[in-house]
Number of protein chains: 2
Amino acid sequence: MADRVRAKTRKDRIMDAALRIFAEKSFQEATISEISKEAGVSEATIYEYFGTKEDLLFAIPEKISNDTYEESEAVLPFIKDVEGRMRAIMLSYIQLYESNPHYSALVLLQLMSNKRFRQTQAHAAIRRSAHSLLDCIREGIANGTFRPDADAYLIRSMLMGTIEHLFIHWHMQGMPRREKTIMEMLDPFLEIVLSGIRAKKEQQGLTLHLNLEDARALGQILQNDPALQSKAESADASRTIKERN
Amino acid sequence: MADRVRAKTRKDRIMDAALRIFAEKSFQEATISEISKEAGVSEATIYEYFGTKEDLLFAIPEKISNDTYEESEAVLPFIKDVEGRMRAIMLSYIQLYESNPHYSALVLLQLMSNKRFRQTQAHAAIRRSAHSLLDCIREGIANGTFRPDADAYLIRSMLMGTIEHLFIHWHMQGMPRREKTIMEMLDPFLEIVLSGIRAKKEQQGLTLHLNLEDARALGQILQNDPALQSKAESADASRTIKERN
DNA sequence: TAATACTTGACAGTGGGACTATGAAGATGT
DNA sequence: ACATCTTCATAGTCCCACTGTCAAGTATTA
């Protein structure tokens with residue numbers, strides 16, 4: 001057992017070193033010799049555990065996605081609200097990248113466009129997120145939450161593309177300190193996208209914007225007119241009054 | 001001169017072949033021997049023109065960005081409208097990628113995350129676009145077109161990240177036929193983003209949504225009340241009446 | 001037409017890094 | 001103590017980027 005434990009830490013040390021070096025340089029520029037020195041093992045040991053350099057590369061996302069990603073998907077079916085479910089998906093997606101900077105650099109800058117990566121579990125997890133998002137958007141369109149002419153694919157690209165772009169630029173600038181984390185930008189971001197695609201509730205009729213003075217004058221009139229006042233109470237669904245500030 | 005012409009076509013043939021092979025496989029998987037066969041020249045000739053394989057790679061964006069990109073920037077200073085200028089920037093950005101699929105695959109999937117690429121003219125052109133966009137957004141916030149609490153960096157990442165994501169996914173799926181080009185998605189896309197960040201005109205007062213029946217009743221009242229009716233004419237700036245459908 | 005310079009190609013060779021094969025040294029379990 | 005399993009060092013293969021050289025065009029000039 002002590003043997004197994006040591007083997008495990010050895011394997012982990014190799015993967016840690018590899019992740020660091022792959023992310024900082026790049027897969028092609030990194031050499032096995034360099035990784036072996038960083039991990040404190042011989043080159044032969046690396047070939048022992050991972051047949052090839054490429055296998056070592058792909059062992060990394062496989063491991064990390066198993067560890068961190070799956071669990072956050074379990075709650076989704078319990079969120080009935082479409083927008084809430086979308087927020088949860090985005091949250092877990094951001095968490096995945098925010099939890100491990102080296103890993104997100106590796107995935108977003110190098111693996112994402114790699115053909116073999118697309119056949120890994122890690123990519124399948126990302127695809128599941130993408131697919132769930134698409135489902136949410138379609139459901140929102142179907143049930144009237146979103147505008148019927150919204151393009152579900154476009155919306156999804158907005159959601160995922162923006163987040164990826166934020167991470168990619170952060171990495172390319174050498175991961176500087178930020179006053180706002182990407183996680184903290186999620187809600188303002190979602191508000192912009194969602195407010196842009198929500199269906200307008202009152203499709204027919206009139207919309208009136210009144211300043212405070214006019215609003216008071218109108219209030220006087222309504223109070224003095226019993227006919228309209230009673231209507232205001234009976235037809236609540238089709239009439240909304242919102243106060244600003 | 002005939003010599004110069006032949007040399008030019010030879011050099012171009014090499015770059016064309018290289019672009020195709022780099023984009024379809026990848027820079028690392030492509031071999032000089034393969035490119036030389038595709039271009040119909042000897043390996044030595046490639047080393048004659050481009051010292052190294054990497055130099056050949058970077059000669060490609062240098063050439064293409066010189067050819068196509070610069071001109072579309074010239075019009076920008078003449079567009080006074082902030083949103084129109086943003087649209088023009090996005091348009092030229094999309095055009096760059098839409099004009100040459102091989103090139104956009106190379107840039108977006110391989111070069112974008114490459115350190116050396118960031119020191120090329122091609123990347124400088126992209127940075128100029130990004131910078132102009134940021135300027136537009138800031139100007140829009142400053143002059144009241146956009147909400148004062150909008151995050152300019154976030155907006156820019158939305159604009160560029162979405163477009164890049166759309167192209168990247170199109171490439172990763174093997175560039176299937178689309179019923180809508182990315183160019184055609186630009187205006188719906190911009191409408192979502194911009195409507196999400198435009199400043200609301202009436203910050204104070206009341207907003208009333210009325211169905212048709214109630215609107216008619218209110219119309220009656222307003223017609224019979226000279227005080228409020230005169231107000232409606234004098235205070236036009238702060239009061240808007242929009243008819244839906 | 002002859003001489004000169006420049007372009008292209010064939011070929012041989014170097015070097016670096018991924019990967020293999022092998023056997024010795026050490027650690028572990030019984 | 002013995003067998004087994006892990007780790008390492010060494011030596012060697014293969015592939016591919018890249019260099020150097022020389023010969024064969026091809027173009028330009030005298």
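Fair warning: this is a prediction, and the values are worked out from it, not measured in the lab. Throughout, protein chains are lettered first and strands after them, A, B, ... in sequence-line order, and every chain is numbered starting at 1.
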Out of [options], which nucleotide sits closest to the side chain of [X]?
X	options	value
B:Ser42	D:dA17, D:dC8, C:dA10	C:dA10
B:Val41	D:dC8, C:dA18, C:dG9	C:dG9
B:Thr45	D:dC16, D:dC8, C:dT8	C:dT8
A:Thr52	C:dG17, C:dC19, D:dT7	C:dC19
A:Lys53	D:dT7, C:dC19, C:dT8	C:dC19
A:Tyr47	C:dT20, D:dA17, C:dG9	C:dT20
B:Ala44	C:dA18, D:dC8, C:dG9	C:dG9
B:Tyr49	C:dT7, D:dC16, D:dT7	C:dT7

Hey, are A:Arg20 and A:Glu34 close enough for a salt bridge, meaning a charged N less than 4.0 Å from a carboxylate O?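 Judged by the 4.0 Å cut-off on N to carboxylate O distance, A:Arg20 and A:Glu34 do not form a salt bridge.
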
Residues A:Glu29 and B:Arg116 bridged, charged N to O under 4.0 Å: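 Salt bridge: no.
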
Ignoring hydrogens and geometry beyond distance, is a side-chain donor-acceptor pair present between B:Thr45 and B:Ser42 at under 3.5 Å?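 Yes, B:Ser42 and B:Thr45 have a side-chain donor paired with an acceptor closer than 3.5 Å.
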
Hey, does the side chain of A:Arg10 come within less than 4.0 Å of D:dT6's phosphate (OP1/OP2), counting only N and O?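 Negative; the distance criterion is not met.
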
Any side-chain N or O of A:Arg13 below 4.0 angstrom from OP1/OP2 of D:dT7?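 For A:Arg13, the contact criterion (side-chain N or O under 4.0 Å from OP1 or OP2 of D:dT7) is not met.
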
If I take atom [atom1] in residue [X] and atom [atom2] in nucleotide [N], what distance separates them, rounded to the nearest angstrom?
X	N	atom1	atom2	result
A:Glu48	D:dC8	CD	C1'	10 Å
A:Glu43	C:dC19	CD	P	11 Å
B:Lys11	C:dT7	NZ	C1'	14 Å
A:Leu57	C:dA18	CG	C1'	14 Å
B:Glu54	D:dA17	CD	C1'	12 Å

Can you give me the closest heavy-atom contact between B:Met172 and A:Ser113, atom names plus distance?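 Of all heavy-atom pairs spanning B:Met172 and A:Ser113, the closest is SD-CA, 4.2 Å.
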
